[in-house]
Amino acid sequence: MEVSIVIVVVYSVIKSIIRYKRNNKSKENDFLEITRITLEPKLGNGFVLEAILTELSVFYYSIVGWFRKPTVIENGKVYSYHKTSQIKTIVIVFSILIILEGILFHFLIQLWSEVAAWIFTIINIYALLYMIGLYNSVRFLPHNFYGDKLIIRFGYQSSIELDITNIESIKTAREQGGIWENKSKETYYALLNMDTPQYEIFLKEPVLMISSYGRKKYVKTIVFRTDEPKKMVEEINFNINSLSG
């Protein structure tokens with residue numbers, strides 16, 4: 001019964017996506033955006049939808065991400081943040097550890113229970129896909145400006161969209177105290193703990209930040225980094241001055 005329900009749901013989703021793409025020829029929407037558009041009327045904009053999209057993102061970016069080029073954002077300026085980040089090194093190291101751990105523990109657990117061994121192996125495969133998908137999503141989802149909006153992202157894990165006019169100031173970010181540092185709950189950290197923060201945006205009014213599985217919180221500051229820090233900060237300040245003028 002459960003398998004039948006899953007098949008019906010997947011079939012419905014695929015059918016809806018095909019229908020949407022047939023009726024909408026715009027190339028700006030990718031697979032995940034189309035999936036959100038087609039599922040939102042049926043599932044609402046809550047935890048269930050966000051959980052499904054998060055899981056789809058893991059498989060989409062870890063598998064499909066290797067075979068396509070990043071979508072070009074028209075009428076917008078983008079700034080990557082993966083080239084100078086430690087994320088590639090972290091993903092490689094953890095992927096190797098996950099593979100070695102998976103092989104070793106599979107055989108050890110198999111001595112006790114074959115079913116438990118395969119469950120553990122499946123969890124390890126998912127963890128590997130998550131790491132690979134995160135790296136690809138960081139490449140595919142840059143920071144970008146469009147109109148009077150600015151989107152700051154960290155792959156599919158989190159993002160925030162804010163009005164340029166809501167930015168009070170932008171300053172050089174202070175060094176983080178490490179992984180175990182107590183971080184402010186009103187700050188969105190759009191970077192790895194291992195990476196050095198570059199700039200911090202201070203907002204006039206709190207803005208909603210959305211992370212994986214639909215987790216949300218209002219933040220007043222945003223700490224981020226980019227591969228072209230000087231150029232991006234100049235772009236932010238230019239937009240602030242233009243809009244305020």
Side-chain angles (χ1 to χ4, degrees), residues 54 57-58 61-62 65 70 73 76-98 127-128 130-146 149-164 166-204 206-213 215-241:
T54 298
S57 296
V58 172
Y61 286 111
S62 62
I73 301 175
K77 295 184 178 180
V78 301
Y79 291 90
S80 63
Y81 49 93
H82 68 281
K83 297 176 183 178
T84 58
S85 171
Q86 298 294 321
I87 187 167
K88 186 174 184 179
T89 302
I90 296 299
V91 168
I92 292 173
V93 171
F94 274 86
S95 296
I96 293 173
L97 291 175
I98 289 170
L128 180 62
Y130 188 93
M131 296 298 295
I132 296 172
L134 177 60
Y135 174 68
N136 281 335
S137 70
V138 166
R139 294 193 301 117
F140 274 72
L141 301 171
H143 308 316
N144 75 282
F145 295 87
Y146 69 98
K149 306 285 186 182
L150 168 63
I151 299 179
I152 300 290
R153 297 185 172 98
F154 184 62
Y156 56 53
Q157 278 200 339
S158 57
S159 66
I160 189 169
E161 179 180 319
L162 51 105
D163 295 323
I164 299 293
N166 191 31
I167 297 176
E168 182 176 356
S169 62
I170 178 169
K171 299 178 181 178
T172 302
R174 66 179 180 85
E175 290 283 345
Q176 297 184 78
I179 298 176
W180 309 113
E181 178 190 21
N182 291 325
K183 295 180 172 61
S184 172
K185 294 182 179 180
E186 294 186 335
T187 300
Y188 168 37
Y189 294 89
L191 70 164
L192 285 175
N193 285 315
M194 295 78 170
D195 283 330
T196 302
Q198 293 173 334
Y199 289 97
E200 185 168 6
I201 296 175
F202 295 85
L203 304 173
K204 298 175 183 177
V207 175
L208 187 65
M209 184 274 289
I210 302 174
S211 57
S212 54
Y213 295 98
R215 293 171 295 178
K216 302 176 182 179
K217 70 173 181 177
Y218 282 92
V219 299
K220 295 194 69 176
T221 59
I222 303 161
V223 176
F224 72 100
R225 61 178 292 112
T226 175
D227 297 330
E228 300 177 284
K230 184 178 179 181
K231 186 176 179 181
M232 183 170 175
V233 171
E234 288 176 352
E235 182 78 23
I236 292 174
N237 287 325
F238 175 80
N239 280 277
I240 292 173
N241 294 330

* Asked: If every non-hydrogen atom of Ala173 is compared with every non-hydrogen atom of Val223, which pair is closest and at what distance?
  ->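 Answer, listing the atom of Ala173 first, then Val223: CB-CG1, 4.2 Å.
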* Search all heavy atoms of Ser212 against all heavy atoms of Tyr156 and return the closest pair with its distance. =>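 Closest approach of Ser212 to Tyr156, heavy atoms only: CB-O, 4.3 Å.
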Between [atom1] of [X] and [atom2] of [Y], what distance do you get to the nearest 0.5 Å?
X	Y	atom1	atom2	result
Lys220	Met209	NZ	CE	16.0 Å
Lys216	Ser158	NZ	OG	14.0 Å
Ile152	Leu162	CD1	CG	6.5 Å
Leu128	Ile98	CG	CD1	5.5 Å
Ile170	Ile240	CD1	CD1	7.0 Å
Leu192	Gln157	CG	CD	8.0 Å

* Asked: Picking from Lys77, Glu161, Arg153, what satisfies side-chain hydrogen bond (donor to acceptor under 3.5 Å, both in side chains) with Asn144?
  -> Arg153
Are any side-chain N or O atoms of [X] and backbone N or O atoms of [Y], one a donor and one an acceptor, separated by less than 3.5 Å?
X	Y	answer
Gln198	Thr226	yes
Ser85	His82	no
Thr54	Tyr213	yes
Asp195	Gln86	yes
His143	Ser80	no

Can you find a pair of side-chain heavy atoms, one from [X] and one from [Y], that are under 4.5 Å apart?
X	Y	result
Tyr199	Met232	no
Ile167	Asn239	no
Ile92	Tyr135	no
Thr187	Val219	no
Glu168	Leu203	no

* To do: Using the six-membered ring wherever Trp is involved, compare the ring planes of Phe154 and Tyr81 and label them parallel, tilted or perpendicular (cut-offs 30° and 60°).
  =>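 Rings of Phe154 and Tyr81: tilted, 30 to 60°.
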* Side-chain H-bond candidate by donor/acceptor type, Arg225 with Thr84, under 3.5 Å -> yes
Inspect the surroundings of [atom1] in [X] and state if more than 12 heavy atoms from other residues, nucleotides or ligands are less than 6.0 Å away.
X	atom1	answer
Phe202	CZ	yes
Lys217	NZ	yes
Phe94	CZ	no
Lys88	NZ	no

